[in-house]
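Notes follow once the structure below has been shown.
Throughout, protein chains are lettered first and strands after them, A, B, ... in sequence-line order, and every chain is numbered starting at 1.
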Amino acid sequence: MVQPERIFNLKTTDTDNGNVVYWMSRDQRASDNWALLHALELSLRMKTELAVVFCLSDNFPGANIRHYDFMMEGLNELSSNLQLKNIPFYLLQGDPIPNLRRFIVENKVSHLVCDFDPIRIKQQWKEELSKEAEVNIDEVDTHNIVPARLVSNKAEFGAYTIRPKINRLLNEYLIEFPDLPVQEKTVTFKLQQTDWVGIYDRLEVDRAVLPVEWIHPGESAARDMMEYFLGNKISNYANGRNDPNEDFLSNLSPYLHFGQIASQRIALETQKNNSQDQNTQAFLEELIIRKELSDNYCFYSPAYGSLDSIPDWAKKTLAEHKKDEREHTYQLEEFENSLTHEDLWNAAQKEMVITGKMHGYMRMYWAKKILEWSASPEEAMEIAVYLNDKYGLDGRDPNGYAGCAWAIGGLHDRAWSERPVYGKIRYMNRNGAKRKFNIAKYIAKWSNVE
DNA sequence: ATCGGCTCGCGCAA
DNA sequence: TGCGCGAAGCCGAT
């Protein structure tokens, strides 16, 4: 039984006893998925059929073939996993709203289940669908451990304000998932088989940003990555996570972004370690508190990803320093092609372009310097978000928007000593990086790679 | 190596 | 109303 607080009813109609469809979007997995479990429960209660539908929109803002490749391979594996449970999976290409409307009518669907997502376009889609389709709609938060709508009803000021709210509810929601049962009903949904290759070839997206090889998409690869992290790397997490020359990070963010693994699953497995251990503590803080704070930020700040969403003290101080002279100023193209005067920054940019991921410590440094070297804070924010979304496999995610707003706009942070350009926004520089790790080694690693 | 100051405002205690 | 303390730091003093 899915906890009722996870379920948020978006629309109720008079129509009942039709089929059920789970419109999967953010949480692309068969196991550990409360939305899917709820959809199956609904179909059992009404003695009707369940299908899963994924709408593949060509012009999803900022997405390119690197993202589509990772996502579609994951969806392909997902469709086989669902088949084992006798749950049909349909990949519909194009604008989701007309596709879903048609699907609902053709398959006599009375109940639609969707997952929770604070990203703007997802919210718009749900609003449009509510208006344009005669169907009951339930939204299930299966991305956050403590449902985002429940944990707080406003944009939180910082980690320290959301932490007690999450911790208060954690025991209740950080529970084991049931196995996904097999659908007993004979399936009669009308649609042909998914043409995976054809759909991939027809995608009208930027194909210049290449897929990456070092990380493999899909639920089972996500589990492997998690197990490798917990078995080999987490024991160095607290002290080693800020050294970009070391490989102590979980590398789970691409999987989390596409929902190929549940953060709740990772938290459950992590807890099986000694939970008093400082490495476990540090990792869980990032996995739970900071990650769910990002969802809170995007959900309650309509202007997320821009400087309209930052606290007043930060707006004020950035405005006061808007006209400060910049020692270096670069345009998007120069940033994008690693053409700044600084080898350390250029190395970080290359790491992201080549691998689809940038080390956590360097992300902060990277975004701070974009603020320092752009014509205005607004332009800096735009450039940082654009580059992170375009090259990061974990881009277009609340974590990225919160991260850029933290570095450039003081979001969830406090004021610090005033200085040129930054104002009271926390400053970072090369000396700090030098104190923490061997920057020459990091620079060398990326300087000769094309 | 370690520490305090920098500087703002939320949230809780009183 | 006062006070403690906070998403990842920097800098200078000791």
Side-chain angles (χ1 to χ4, degrees), chain A residues 151-168 236-246 248-250 253 256 263 278-279 281-298 300-301 304-305 307 309-321 327 344-345 348 357-372 381 384 388 394 397-437 439 442:
Chain A
V151 77
S152 171
N153 56 10
K154 62 169 187 186
E156 291 293 331
F157 194 78
Y160 77 102
T161 62
I162 205 172
R163 191 178 293 113
K165 297 183 181 181
I166 291 176
N167 285 337
R168 210 176 296 142
N236 288 302
Y237 192 75
N239 292 323
R241 68 181 147 153
N242 279 338
D243 186 343
N245 291 317
E246 299 289 351
F248 291 144
L249 300 188
S250 72
S253 63
L256 286 164
S263 63
Q278 57 162 351
N279 296 300
Q281 293 289 323
F283 180 66
L284 288 177
E285 167 77 11
E286 297 202 2
L287 179 75
I288 303 175
I289 305 297
R290 298 188 195 173
K291 180 171 159 301
E292 306 208 347
L293 179 59
S294 301
D295 257 37
N296 169 274
Y297 159 65
C298 290
Y300 290 112
S301 311
Y304 74 79
L307 294 188
S309 72
I310 64 175
D312 288 342
W313 67 265
K315 281 182 187 159
K316 183 161 171 276
T317 195
L318 284 174
E320 282 166 4
H321 289 270
E327 209 174 319
L344 181 59
W345 192 95
K357 204 166 167 291
M358 190 190 299
H359 187 277
Y361 177 83
M362 292 310 298
R363 289 185 193 223
M364 297 188 272
Y365 181 82
W366 173 87
K368 293 279 183 195
K369 293 296 145 183
I370 297 178
L371 168 63
E372 191 175 326
M381 187 68 182
N388 186 62
D394 54 8
D397 189 277
N399 287 307
Y401 301 124
C404 291
W406 175 83
I408 295 168
L411 177 80
H412 303 150
D413 204 6
R414 59 198 270 208
W416 298 86
S417 300
E418 196 162 8
R419 64 172 62 237
V421 185
Y422 286 79
K424 293 169 182 173
I425 304 293
R426 183 195 298 257
Y427 176 63
M428 285 178 77
N429 68 1
R430 189 182 169 102
N431 283 337
K434 217 184 280 180
R435 274 194 299 273
K436 288 193 174 57
F437 65 96
I439 62 172
Y442 179 75

In this structure, how many angstroms lie between the P atom of C:dC11 and the CZ atom of A:Arg430, rounded? 14 Å

Name the closest nucleotide to the A:Ala402 side chain, picking from C:dA7, B:dG11, B:dG9. C:dA7

Can you tell which of A:Tyr297, A:Tyr304, A:Phe157 makes a side chain to side chain contact (heavy atoms under 4.5 Å, CB included) with A:Leu411? A:Tyr297

Please say which of A:Met358, A:Arg363, A:Lys436, A:Met362 ends up in a side chain to side chain contact (heavy atoms under 4.5 Å, CB included) with A:Pro244. A:Met362

Closest listed nucleotide, where the reference is the side chain of A:Tyr160 and the choices are B:dG11, C:dC10, C:dA7: C:dA7

For C:dT14, give its Watson-Crick or G-U wobble partner with both distances under 3.5 Å, or none. B:dA1

May I ask you to decide if the ring planes of A:Tyr442 and A:Phe437 are parallel, tilted or perpendicular, using 30° and 60° as cut-offs? perpendicular

d(NZ, A:Lys434; P, C:dC11) in whole Å: 11 Å

A:Arg290 and A:Glu285 ion-paired at < 4.0 Å: yes

Between B:dG11, B:dC6, C:dC10, which nucleotide gets closest to the side-chain atoms of A:Lys154? B:dG11

Could you tell me whether the side chain of A:Asn279 and the main chain of A:Tyr237 form a donor-acceptor pair under 3.5 Å? yes

Regarding A:Met428, tell me which of base, sugar-phosphate or nothing describes its non-hydrogen contacts under 4.0 Å with the strands shown. sugar-phosphate

Side chain proximity check, A:Leu293 to A:Ile166, heavy atoms < 4.5 angstrom: no

Quickly work out the A:Ile425 CD1 to B:dT7 C1' distance and round it to whole Å. 12 Å

Would you classify A:Asp312 as touching base, sugar-phosphate or nothing, given that sugar-phosphate means primed atoms plus P, OP1 and OP2, and contacts are heavy atoms under 4.0 Å? nothing

Spacing of A:Tyr427 atom OH relative to B:dT7 atom P, expressed in whole Å: 16 Å

Here's a test of your reading of the structure: between A:Gly158 and A:Tyr361, which maps to the more 5' nucleotide of DNA chain C? A:Gly158

Distance in angstrom units between A:Lys165 NZ and B:dC10 P, rounded: 12 Å

Distance, rounded to the nearest Å, where A:Glu418 contributes CD and B:dG5 contributes P: 20 Å

In this structure, how many angstroms lie between the P atom of C:dC11 and the OH atom of A:Tyr422, rounded? 11 Å

Given the P atoms of B:dT7 and C:dC11, what is the spacing between them in whole Å? 15 Å

With a cut-off of less than 4.0 Å, is there a side-chain N or O of A:Lys368 near OP1 or OP2 of C:dG9? no

Please determine whether a side-chain nitrogen or oxygen atom of A:Asn242 lies at a distance below 4.0 Å from atom OP1 or OP2 of C:dG9. no

Between B:dG9 and C:dG9, how far apart are the two P atoms, rounded to whole Å? 22 Å

Starting at CG of A:Leu411 and ending at C1' of B:dC10, how long is that distance when rounded to a whole Å? 14 Å

Just to be sure I understand the rule, does A:Trp313 reach a base, reach only the sugar-phosphate, or reach nothing, if contact means heavy atoms closer than 4.0 Å? sugar-phosphate

Does a side-chain N or O of A:Arg435 approach OP1 or OP2 of C:dG9 to a distance below 4.0 Å, or not? no

Check every atom of C:dC11, B:dT7, C:dG9 against the side chain of A:Ala415 and return the nucleotide holding the closest atom. B:dT7

Integer angstrom distance from the P of B:dT2 to that of C:dA7: 23 Å

Give the nucleotide from the list C:dC11, C:dC10, C:dG6 with an atom nearest to the side chain of A:Arg414. C:dG6

A:Lys368 side chain to A:Tyr427 main-chain N or O, any donor-acceptor pair under 3.5 Å? no

side-chain N/O A:Arg163 vs C:dA7 OP1/OP2, d < 4.0 Å: yes

Taking only side-chain nitrogens and oxygens of A:Lys424, does any of them come within less than 4.0 Å of OP1 or OP2 of B:dC8? yes

According to the Watson-Crick and G-U wobble definitions, with both distances under 3.5 Å, which nucleotide is paired to C:dT1? B:dA13

